[in-house]
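Step one of this worksheet: look at the structure below.
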Amino acid sequence: MNLHIEGRVAVVTGGSSGIGFETLRLLLAEGAKVAFCGRNADKLSGAETILRQDFPAEQMLAYRCDVLDPLQVADFAHAVEQRFGATDMLINNAGQGFVSRFDETPPDAWLNETKLKLFGVINPLEAFLPMLERSDIASVTCVNSLLALQPEEHMIATSAARAALLNMTLTLSKELIHKGIRVNSILLGMVESGQWRRRFAERSDTSQSWEQWTGAIAVRRGIPMKRLGKPQEPAQALLFLASPLASFTTGAALDVSGGFNRHL
Ligand code: NDP
């Protein structure tokens with residue numbers, strides 16, 4: 001199937017690992033040019049080195065940037081414009097979750113979560129908007145979580161911030177379609193990637209393998225598919241929504257949770 005993105009430019013925030021990294025692989029395999037960012041320079045250059053084994057260096061730009069710093073994001077956008085001259089697809093993926101119940105959540109964690117979830121999208125959108133406005137296939141696609149609709153007690157601040165992001169992206173979809181820009185999201189359940197690897201490293205029962213540990217979590221949490229998602233699975237959904245294959249879809253939130261969703 002042709003995604004119609006060959007030679008087009010995709011920007012992926014948080015592309016140095018996990019879902020973002022797999023999204024880059026799929027984009028590059030479709031012939032797109034990619035620009036990606038992350039905060040950690042070593043992780044970023046490690047990801048670039050791996051990608052260069054399979055794809056031409058001219059097709060990619062890795063840039064160190066914290067999406068919460070508007071000046072760094074503006075520099076990133078400038079670098080993309082200098083290098084590729086365009087941005088057709090903005091994929092807002094950078095971020096992480098925060099595990100805490102209400103009585104464990106300090107005021108600054110509420111603020112940090114809200115800032116990450118909202119400004120992690122607002123800053124890149126503001127910086128890349130002029131280029132998106134010039135594209136004839138422009139899209140903004142956000143990685144969000146099922147927590148936005150199905151909050152969990154042990155991630156109260158993340159759930160609330162995710163709901164705010166879902167609300168904001170729906171409104172953005174109405175406003176930006178007048179500039180020809182589609183805005184969509186994916187809603188994740190649990191996906192094997194960086195944040196789960198970090199929690200696995202800190203597990204109490206170290207006799208459990210990765211498969212046993214993740215499989216047990218999936219069963220305990222009631223995921224009908226009895227496993228966590230693979231990073232390629234949300235990446236595939238991101239590619240569909242970001243590409244012209246989804247040309248009549250805006251304001252959508254696509255569930256990628258292995259059936260974990262319980263809302264109508
Ligand atoms: P990873 O930790 O593997 O990837 C996160 C990526 O984002 C890394 O490249 C990281 O690089 C980058 N990043 C984080 N914060 C910033 C920042 N402030 N500025 C720029 N880059 C940043 O995790 P996942 O692939 O799992 O996560 C991808 C997205 O999916 C996140 O937004 C996460 O919250 C969301 N999500 C994931 C779920 C899961 O089960 N995996 C569930 C629900 C949502 P660096 O640290 O170097 O900055």
Side-chain angles (χ1 to χ4, degrees), residues 11-26 34-48 50-51 62-77 90-99 112-124 127 141-152 154-155 157-159 161-163 165-166 169 185-201 210 213-214 217-218 221 223 225 227-235 237-238 253-258 260-261:
V11 171
V12 180
T13 67
S16 56
S17 67
I19 296 161
F21 181 74
E22 292 303 326
T23 306
L24 293 172
R25 273 193 173 289
L26 296 181
V34 298
F36 59 104
C37 73
R39 295 162 301 177
N40 182 307
D42 292 340
K43 242 170 93 177
L44 205 57
S45 65
E48 190 181 17
I50 296 170
L51 291 173
Y63 198 91
R64 190 153 80 91
C65 158
D66 182 338
V67 290
L68 294 182
D69 182 332
L71 294 178
Q72 288 183 27
V73 184
D75 288 345
F76 177 35
L90 171 62
I91 298 181
N92 291 306
N93 160 77
Q96 59 190 31
F98 184 75
V99 178
N112 290 342
E113 274 304 275
T114 308
K115 187 174 176 195
L116 178 60
K117 269 59 187 190
L118 294 185
F119 284 91
V121 171
I122 293 167
N123 290 337
T141 315
C142 300
V143 174
N144 203 339
S145 163
L146 193 54
L147 293 171
L149 295 173
Q150 200 166 286
E152 305 234 4
H154 72 287
M155 293 187 79
T158 297
S159 298
R162 287 298 191 189
L165 173 61
L166 186 62
T169 46
S185 312
I186 60 168
L187 301 182
L188 301 181
M190 286 173 257
V191 176
E192 292 180 11
S193 52
Q195 47 187 313
W196 285 103
R197 291 278 174 193
R198 288 191 289 277
R199 288 179 208 168
F200 175 67
W210 170 249
W213 186 77
T214 53
I217 290 173
R221 299 293 296 282
I223 299 176
M225 289 195 188
R227 65 172 178 87
L228 304 194
K230 308 278 181 205
Q232 307 88 275
E233 293 175 316
L238 286 170
L254 179 59
D255 181 278
V256 188
S257 72
F260 194 37
N261 55 321

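Every number for a ligand or one of its atoms is a count from 1 in the order of the listing. All values derive from a computational prediction rather than experimental measurement. The first residue of the sequence shown is numbered 1, and numbering continues consecutively from there. Just so you know, these numbers use all the heavy atoms, side chains as well, and skip hydrogens, waters and symmetry mates.
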Where is the nearest protein heavy atom to [atom]: which residue, which atom, and how far?
{"atom": "atom 9 (O) of ligand 1", "result": "S16 OG, 2.7 Å"}
{"atom": "atom 30 (O) of ligand 1", "result": "V143 CG1, 3.3 Å"}
{"atom": "atom 16 (C) of ligand 1", "result": "R39 NE, 3.4 Å"}
{"atom": "atom 18 (N) of ligand 1", "result": "D66 OD1, 2.9 Å"}
{"atom": "atom 24 (P) of ligand 1", "result": "S193 OG, 3.3 Å"}
{"atom": "atom 5 (C) of ligand 1", "result": "G95 O, 3.7 Å"}
{"atom": "atom 42 (C) of ligand 1", "result": "G189 O, 3.2 Å"}
{"atom": "atom 27 (O) of ligand 1", "result": "Q195 NE2, 3.8 Å"}

Could you tell me whether some N/O pair between [X] and ligand 1 is separated by less than 3.5 angstrom?
{"X": "N40", "result": "yes"}
{"X": "V67", "result": "yes"}
{"X": "S145", "result": "no"}
{"X": "N144", "result": "no"}
{"X": "I19", "result": "yes"}

Which part of [X] is near ligand 1, with near meaning a heavy atom under 4.0 Å away: side chain, backbone, both or neither?
{"X": "P231", "value": "neither"}
{"X": "W196", "value": "side chain"}
{"X": "N93", "value": "both"}
{"X": "V191", "value": "both"}
{"X": "Q72", "value": "neither"}

In terms of side-chain geometry, is the basic nitrogen of R227 or E233 positioned less than 4.0 Å from the acidic oxygen of its partner?
yes
Between R221 and E152, is there a salt bridge with N-O shorter than 4.0 Å?
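Between R221 and E152 there is a salt bridge, with a charged N closer than 4.0 Å to a carboxylate O.
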Residue pair [X] / [Y]: nearest heavy atoms and the distance that separates them:
{"X": "N92", "Y": "P124", "result": "OD1-CB, 3.5 Å"}
{"X": "V191", "Y": "W196", "result": "O-CD1, 2.8 Å"}
{"X": "G38", "Y": "S16", "result": "CA-OG, 4.4 Å"}
{"X": "K117", "Y": "L165", "result": "O-CD1, 3.6 Å"}
{"X": "L116", "Y": "L68", "result": "CA-CD2, 3.8 Å"}

If only atom types and distance count, is the side chain of N93 paired as donor or acceptor with the main-chain N or O of V143 below 3.5 Å?
no
Does T158 use its side chain to pair, donor to acceptor, with the backbone of G97 at less than 3.5 Å?
no
Element-labelled atoms of ligand 1 that are located less than 4.0 Å from some non-hydrogen atom of [X]:
{"X": "G18", "result": "3 (O), 25 (O)"}
{"X": "A94", "result": "7 (O), 13 (N), 16 (C), 20 (C), 21 (N), 22 (C), 32 (O)"}
{"X": "Q96", "result": "34 (O)"}
{"X": "M190", "result": "40 (O)"}

When I186, V12, L26 are each screened for side-chain contact (heavy atoms from CB on, under 4.5 Å) with L238, the one that passes is I186
Among S17, G120, C65, G14, which residue places a heavy atom closest to atom 20 (C) of ligand 1?
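Comparing heavy atoms across S17, G120, C65, G14, the nearest one to atom 20 (C) of ligand 1 lies in C65.
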Closest candidate by heavy atom, reference atom 34 (O) of ligand 1, pool K43, E192, R162, K117:
R162
Within a strict 4.5 Å, meaning less than it, do heavy atoms of the I91 and V11 side chains meet?
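I91 does not reach V11 side chain to side chain.
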Rounded to the nearest 0.5 Å, how far apart are CG of L166 and OG of S185?
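Between L166 CG and S185 OG, I get 5.5 Å after rounding to 0.5 Å.
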Heavy-atom neighbours of F200 CZ exceed 12 at 6.0 Å
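Enclosed: over 12 neighbouring heavy atoms sit under 6.0 Å from CZ of F200.
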Flag this pair as yes if the NZ/CZ of R197 is under 6.0 angstrom from the six-membered ring centre of W210 and inside a 45 degree cone about the axis; otherwise no.
yes
